[in-house]
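Report on the structure given below.
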Amino acid sequence: MIPRIKSIEPIKGYFLHVIFDDGKRCIYDVNSDIDTIKGYDDLKKVQGLFEQVQLDESRTCVFWNDYIDIPSDTIYEYGEEIQN
């Protein structure tokens, strides 16, 4: 089953604070995506773009524009879990 995102918040330094429907909370480091995926460097180059992160209608993907997105299962698997 694909994890659904309840909320997402951009954090300074190109990190995302994500809460999933199942209660899991994590911090996802977007820097590695920016450094390795073509076009993602716009998140650093375009002033204010990173802060405009959005959640798609299915709540299974975060995105910034038509070519920069991260699926929820990637965030769920690779994000650093926050213990309550």
Please report the interatomic distance [atom1]([X]) to [atom2]([Y]), rounded to the nearest 0.5 Å.
X   : Y   : atom1 : atom2 : value
C26 : E77 : SG    : CD    : 11.5 Å
D56 : S72 : CG    : OG    : 8.0 Å
D35 : Y14 : CG    : OH    : 11.0 Å
N65 : Q54 : CG    : CD    : 9.5 Å
D69 : I37 : CG    : CD1   : 9.0 Å

Does the side chain of [X] reach to within under 4.5 Å of the side chain of [Y], using non-hydrogen atoms?
X   : Y   : result
I8  : H17 : no
P3  : R59 : no
Y76 : D22 : yes
D42 : W64 : no

Fill in: Residue I27 excluded, over 12 heavy atoms near CD1 under 6.0 Å
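Check passes, neighbour count above 12.
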
Practice prompt. State whether the number of non-hydrogen atoms from other residues, nucleotides or ligands found under 6.0 Å of K6 atom NZ is greater than 12.
Written response: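 Open.
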
Item to complete: Show the numbers, then the answer: is there a side chain to side chain contact (heavy atoms under 4.5 Å, CB included) between D29 and E80?
Response: CA-CA 8 Å; D29 184 352; E80 184 177 328; over 6 Å; no

Discussion item. Determine whether D33 and Y28 satisfy the following criterion, side-chain hydrogen bond (donor to acceptor under 3.5 Å, both in side chains), listing intermediate values before the conclusion.
Written reply: CA-CA 10 Å; D33 297 310; Y28 183 80; 2.6 Å; yes

Where is the tightest heavy-atom contact between [X] and [Y], given as atom of each residue plus distance?
X   : Y   : value
G39 : I68 : O-CD1, 3.6 Å
F20 : I75 : CZ-CG2, 3.8 Å
S7  : I5  : O-CG2, 3.4 Å

Please list, one pair per line, the donor and acceptor atoms closer than 3.5 Å that link side chains of residues 43-52 to other protein atoms, with sequence neighbours excluded.
from, atom 1, to, atom 2, distance (Å)
K44, NZ, N31, OD1, 3.3
K45, NZ, D41, OD2, 3.0

Practice prompt. Before giving the answer on side chain to side chain contact (heavy atoms under 4.5 Å, CB included), spell out for L16 and E9 the whole-Å C-alpha distance, their side-chain angles and the decisive distance to 0.1 Å.
Written response: CA-CA 6 Å; L16 296 174; E9 178 184 348; over 6 Å; no

Do [X] and [Y] share a hydrophobic cluster (ILVMFWY, side-chain heavy atoms under 4.5 Å, transitive)?
X   : Y   : answer
Y78 : V18 : yes
F63 : I11 : no
I19 : I82 : no
Y67 : I34 : yes
V30 : V53 : yes

